[in-house]
Amino acid sequence: MISVIIPTYKSPDMLDLCLRSAIEGQQNKNQIIVVVDGFYDLNKEVLEKWSKHINILNLEQNVGLCRGTNLGVYNAQYDKILIVNDDNIFPRFWDTTLEDDWQEGVVISPNQVEPYPSMFKQFIIEDLGTDPKTFDLEKFWLFEYHYASGDKMEECGSTLPIFMSKIDYLRIGGWDENYELGMVADWDFFLKCQLSGLKMIRTWNCHFYHFASVSTNGEKRQQAEQAGHEYARYKWGTYIKHNPSSNLKYL
């Protein structure tokens, strides 16, 4: 069984589609934790709609993506955890597929389908919808079924979503809560994983759809990303670098 952690903020339409795909696409009854990072009333209708299938962690105030994710992991009942943003869509049979890929000492990144060109060359670029209103879940599931390879895994992970051991997550300290809006915190996290000896594996056996940061506007995102890189330099003594071929992070 898997504990899924889904932090959410102010995107109820996105959350609704994310939860529908997670619940209808699973084979087993997994633990699905929705971390409501403030603005509960805005998400209330969606949370009540799926309340029989999810655990709601209401933080009552906005504490930020990193702290919210950490608190979600602390509430995980199972050691196998899957961290997914609310702008991701789950493929059909996601849970059994990921459990088949499970390995000790490994952080698994399911590959992604995005509507726009990506910095990650492993992603599949296909416009199946740029927002929940234009997205067809059944169409995506059919598309994903034809792309799922069944046996392809390579050491070029280091992208969200991530599937790993809760113990490993806690051992390296989880997300650093000092990153503004969570920007660059993923690079920091993946670097810590690598330094601790965890392997960063990508699986093509299932793909998640990603709407590509529709919840953060361009200017604010750029400012937060630059602030994140500056904090990383302050913390590590140098900027965190990215290998575009392997997606591995280094100093």
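Computed from a predicted model, the values in this text were never measured in an experiment. Only heavy atoms go into these numbers, but all of them, side chains included; no hydrogens, no water, no symmetry mates.
Under the 4.5 Å side-chain heavy-atom criterion for Ile, Leu, Val, Met, Phe, Trp and Tyr, Val35 and Val84 are members of distinct hydrophobic clusters. Leu17 and Ile23 fall into different hydrophobic clusters, defined by Ile, Leu, Val, Met, Phe, Trp and Tyr side-chain heavy atoms under 4.5 Å apart, directly or through other members. Put simply, Leu251 and Ile172 are part of two different groups of oily side chains (I, L, V, M, F, W, Y) that touch within less than 4.5 Å, one to the next. Following chains of ILVMFWY side-chain contacts shorter than 4.5 Å, one can reach Val46 starting from Ile56, so the two form part of one hydrophobic cluster.
The ring of Phe120 has its center closer than 6.0 angstrom to the ring center of His242. For Phe90 and Tyr209, the ring centers are positioned 6.0 Å apart or more. Residues Tyr147 and Trp204 keep their aromatic ring centres 6.0 Å or farther apart.
Contact of the Gln112 side chain with the Asn88 side chain is registered, since non-hydrogen atoms from C-beta on lie closer than 4.5 Å. Here the side chains of Val34 and Leu15 are in contact, with some heavy-atom distance below 4.5 Å. Between Asn55 and Ile32, every side-chain heavy-atom pair lies at or beyond the 4.5 Å cut-off. When side chains are defined from C-beta on, Asp37 does not count as touching Thr8, because their heavy atoms never get closer than 4.5 Å. Annotation: side chain of Phe143 is in contact with side chain of Leu128 (closest heavy-atom distance under 4.5 Å). At least one side-chain heavy atom of Tyr169 sits less than 4.5 Å from a side-chain heavy atom of Trp175. Contact annotation: the side chain of Met200 approaches that of Gln194 to within less than 4.5 Å [non-hydrogen atoms, C-beta and beyond]. No side-chain heavy atom of Asn43 sits under 4.5 Å from any side-chain heavy atom of Tyr9.
Nearest heavy-atom pair across Lys241 and Trp187 is C-CZ3, 4.3 Å. Contact detail for Pro161 and Pro110: the closest heavy-atom pair is O-CD, 3.3 Å. Between Asp95 and Gly25, the shortest heavy-atom contact is OD1-O, 4.4 Å. Closest approach of Ser11 and Asp86 over heavy atoms only: CB-OD2, 4.0 Å.
Side chains of Asn30 and Asn28: a donor-acceptor N/O pair is absent below 3.5 angstrom, by distance only. Residues Thr97 and Asn205 bring no donor and acceptor atom of their side chains to less than 3.5 Å of each other. Between the side chains of Gln226 and Gln222, not a single donor N or O lies within less than 3.5 Å of an accepting N or O. Counted by atom type alone, Asn247 and Gln122 present one or more donor-acceptor pairs between their side chains at under 3.5 Å.
Taking NZ from Lys192 and CD1 from Ile240, the interatomic distance works out to 9.5 Å, rounded to the nearest 0.5 Å. Here the straight-line distance linking atom CG of Asn85 with atom CE of Met14 works out to 10.5 Å at 0.5 Å rounding. Taking NZ of Lys152 as the start and CG of Asp101 as the end, the distance is 13.5 Å to the nearest 0.5 Å. Here the straight-line distance linking atom CG of Asp13 with atom CG of Asp87 works out to 13.0 Å at 0.5 Å rounding. Interatomic distance, CE of Met153 versus CD1 of Ile201, reported as 6.0 Å (0.5 Å rounding). We find the NZ-CG distance between Lys249 and Asp186 to be 7.0 Å, quoted to the nearest 0.5 Å.
Taking the six-membered ring for Trp and thresholds of 30 and 60 degrees, Tyr239 and His229 have ring planes more than 60 degrees apart, a perpendicular arrangement. Under the 30°/60° scheme for interplanar angles, the aromatic rings of Trp102 and Phe163 are found to stand perpendicular.
Counted within 6.0 Å of CD on Glu138, heavy atoms from surrounding residues, nucleotides or ligands total more than 12; the atom is thus considered enclosed. More than 12 heavy atoms of other residues, nucleotides or ligands lie within 6.0 Å of OH in Tyr250, so this atom counts as buried by the packing criterion. Counting non-hydrogen atoms of neighbouring residues, nucleotides and ligands closer than 6.0 angstrom, the CZ atom of Arg92 exceeds 12 such neighbours.
Taking a cutoff of 4.0 Å between a charged side-chain nitrogen and a carboxylate oxygen, Lys235 and Asp188 qualify as a salt bridge. A salt bridge does not link Arg202 with Glu154: every distance from a Lys NZ or Arg NE/NH1/NH2 to an Asp or Glu carboxylate oxygen is 4.0 Å or more. Salt bridge Arg171/Asp168: present, at least one basic N to carboxylate O contact under 4.0 Å.
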Does the pair Lys80 and Glu99 meet the rule for a salt bridge (Lys or Arg N to Asp or Glu O under 4.0 Å), with working shown?
CA-CA 9 Å; Lys80 296 176 182 177; Glu99 293 225 56; 2.8 Å; yes
Side chain to side chain contact (heavy atoms under 4.5 Å, CB included) between Phe189 and Ile162: does it pass, once the steps are laid out?
CA-CA 11 Å; Phe189 178 81; Ile162 51 174; 3.6 Å; yes
Verdict with reasoning, Thr130 to Phe135, per side chain to side chain contact (heavy atoms under 4.5 Å, CB included):
CA-CA 7 Å; Thr130 56; Phe135 190 82; over 6 Å; no
Pair Asn178, Tyr231 - check side chain to side chain contact (heavy atoms under 4.5 Å, CB included), show working.
CA-CA 8 Å; Asn178 291 299; Tyr231 173 69; 3.1 Å; yes
Audit row: Ile6, Cys18, side chain to side chain contact (heavy atoms under 4.5 Å, CB included) steps and yes/no:
CA-CA 9 Å; Ile6 304 175; Cys18 177; 4.0 Å; yes
